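Accompanying notes for the structure given below.
Keep in mind the model is a prediction, meaning the values are calculated, not measured. Just follow the structure's listing: the first ligand is 1, and inside any ligand the first atom is 1. Keep in mind that the numbers below use all heavy atoms, side chains included, and drop hydrogens, waters and symmetry copies.
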Amino acid sequence: MRLFLCGLQVLLLLLSHQLSAQSPHPPPPTNASSLDSLLQDYSFRAFLRRPRPRTGILYDAAATVPPDLTGIKLSAMRLRSGSLRRRGVPSLKEFSIPKGVIVKPYVTRLVFVYQNLANFSRLYYPPLSGYDYVAPVVGLLAYDAKNLSAVNLPELEITASKDPIRIDFSDDLEPIPQGGGSVQCVSFDSKGKASFRDSVPPGNACETERQGRFSVVVKSVASAPSPSPAPPPPEKEKKKRSESNSRTWITVGSVLGGLVLLGLLMFLVLRCRSYKKRERMKEMERAGETGEALRMTQVGETRAPTATTTRTQPVLETEYAA
Ligand SMILES: *[C@@H]1O[C@H](CO)[C@@H](O)[C@H](O)[C@H]1NC(C)=O
Ligand SMILES: *[C@@H]1O[C@H](CO)[C@@H](O)[C@H](O)[C@H]1NC(C)=O
Ligand SMILES: *[C@@H]1O[C@H](CO)[C@@H](O)[C@H](O)[C@H]1NC(C)=O
């Protein structure tokens with residue numbers, strides 16, 4: 001019976017493991033807003049991996065990004081709203097945040113999530129027709145820091161009430177094509193709506209009063225018939241990549257799952273064995289006890305142990321009384 005129960009336990013564990021192994025690798029986000037949600041989740045994990053995350057420190061979260069999105073740079077910084085307003089953040093990657101930035105709705109602490117979409121920029125923010133990117137899309141988004149395990153958080157609104165926030169692309173600006181038009185800054189709001197603004201010297205920097213995603217574009221050079229030949233190939237390539245990616249994941253998952261299962265099986269077999277051994281020991285102890293058992297004597301209504309050579313036989317007090 002016990003063996004049967006042990007067997008059943010093993011079977012159930014096997015089954016539950018099989019079920020959990022079948023849950024598929026999550027597909028890469030299909031649009032910019034679901035990418036933002038995903039990056040919020042992954043950037044917050046950079047804090048959870050540390051025993052005591054500090055405020056005002058930019059933690060790199062690129063290592064937490066799933067393999068489908070390798071290349072995207074991601075960092076996060078936790079700040080008190082008060083300190084943000086009083087001091088700003090002089091240097092957060094391309095961004096310089098001046099004093100006087102207000103967060104709405106008010107939160108005690110916020111997290112700035114910095115994203116640099118690198119070669120995924122064109123995939124998630126397809127170039128507007130007639131324009132070419134000359135820099136990656138970089139984003140600065142703010143979220144409530146109250147719960148660092150929270151997912152699907154709404155974006156906070158940040159507003160630069162004095163000087164604008166500056167975005168310096170000078171380190172990642174691609175060569176500007178000869179004969180291209182003027183360099184312009186483009187920004188995307190949370191719904192993906194683009195707006196343009198003139199870049200400012202030096203180094204074609206961009207300015208903004210709000211959070212968002214930013215890049216630098218130039219008017220495409222003359223080749224009018226195909227204004228944006230870039231987007232389709234990455235799409236296909238990405239699909240193929242993610243397919244082969246998920247295939248390797250399935251293989252790796254199966255191998256790992258098998259190993260875990262083997263370990264589990266051995267553990268359970270050992271446990272069953274030691275359980276049986278313990279039971280046998282107990283039985284032996286019990287047998288030992290009964291072998292040397294004290295003689296039980298009926299005293300009134302109860303049975304009490306008595307040694308063979310008791311001087312006084314146990315008697316109930318009531319018997320005296322009677
Ligand atoms: C983005 O994709 C998610 C699921 O992947 C979907 O729920 C959402 O509606 C999409 N948003 C837009 C703006 O298309
Ligand atoms: C982006 O670049 C990384 C290497 O930096 C590469 O592994 C990845 O496949 C590229 N992704 C796309 C969509 O081009
Ligand atoms: C934080 O968010 C997670 C995920 O949404 C949730 O499960 C958890 O209960 C939240 N914790 C608090 C303290 O609100």
Side-chain angles (χ1 to χ4, degrees), residues 20 22-55 59 61 64-72 74-81 103-113 115-129 131 133 136-157 186-196 210-215 228 230-232 234-246 249-250:
S20 68
Q22 270 171 10
S23 70
H25 178 59
T30 51
N31 59 41
S33 69
S34 54
L35 177 71
D36 283 341
S37 300
L38 185 104
L39 293 181
Q40 178 263 309
D41 178 11
Y42 282 96
S43 62
F44 275 40
R45 293 183 196 187
F47 298 116
L48 299 176
R49 292 160 121 213
R50 290 176 170 82
R52 305 183 77 229
R54 292 169 54 197
T55 55
Y59 288 113
T64 63
V65 171
D68 286 339
L69 299 174
T70 302
I72 290 184
L74 186 65
S75 324
M77 179 189 280
R78 202 163 57 116
L79 278 178
R80 288 183 154 275
S81 290
V103 181
K104 261 198 292 189
Y106 179 81
V107 293
T108 327
R109 285 189 188 81
L110 73 153
V111 172
F112 271 131
V113 172
Q115 41 174 268
N116 179 332
L117 300 191
N119 55 357
F120 289 87
S121 300
R122 286 179 173 81
L123 194 65
Y124 287 104
Y125 295 92
L128 295 144
S129 84
Y131 292 95
Y133 285 121
V137 172
V138 300
L140 181 72
L141 304 177
Y143 299 97
D144 190 355
K146 187 159 58 187
N147 181 354
L148 292 177
S149 320
V151 292
N152 292 322
L153 282 177
E155 264 178 49
L156 298 174
E157 295 288 323
V186 62
S187 65
F188 299 93
D189 68 10
S190 58
K191 295 184 179 69
K193 187 174 162 292
S195 30
F196 291 96
R210 304 185 59 239
Q211 82 284 356
R213 307 111 190 111
F214 308 88
S215 189
S228 57
E235 190 84 21
K236 246 183 242 160
E237 225 171 79
K238 213 170 125 50
K239 244 187 217 144
K240 234 188 276 158
R241 260 195 44 208
S242 73
E243 252 173 41
S244 72
N245 234 336
S246 66
W249 272 109
I250 287 170

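What sits closest to atom 14 (O) of ligand 3 on the protein, heavy atoms only, is Asn147 ND2, 3.3 Å. For atom 4 (C) of ligand 1, the closest non-hydrogen atom of the protein is Thr30 OG1, 4.3 Å. Scanning all protein heavy atoms for the shortest distance to atom 8 (C) of ligand 1 gives Asn31 ND2, 3.8 Å.
Note that CG of Leu69 and CG of Leu74 are 10.0 Å apart. Values are rounded to the nearest 0.5 Å.
Using a 4.5 Å heavy-atom cutoff, the side chains of Pro105 and Leu156 are in contact.
A pairwise comparison of heavy atoms in Tyr143 and Asp36 identifies OH-O, 4.0 Å as the closest pair.
For an aromatic pair to be called close, the ring centres must be under 6.0 Å apart, and Tyr133 with Tyr125 fails this.
For the side-chain contact (heavy atoms from CB on, under 4.5 Å) test with Arg78, the passing option among Phe44, Phe112, Phe47 is Phe47; the others fail.
At least one protein heavy atom sits closer than 4.0 Å to atom 11 (N) of ligand 3.
Listed by number with element, the atoms of ligand 1 under 4.0 Å from a non-hydrogen atom of Ser33 are 11 (N). Every atom of ligand 3 is numbered from 1 in the order shown, and the set under 4.0 Å from a heavy atom of Ala150 is 2 (O).
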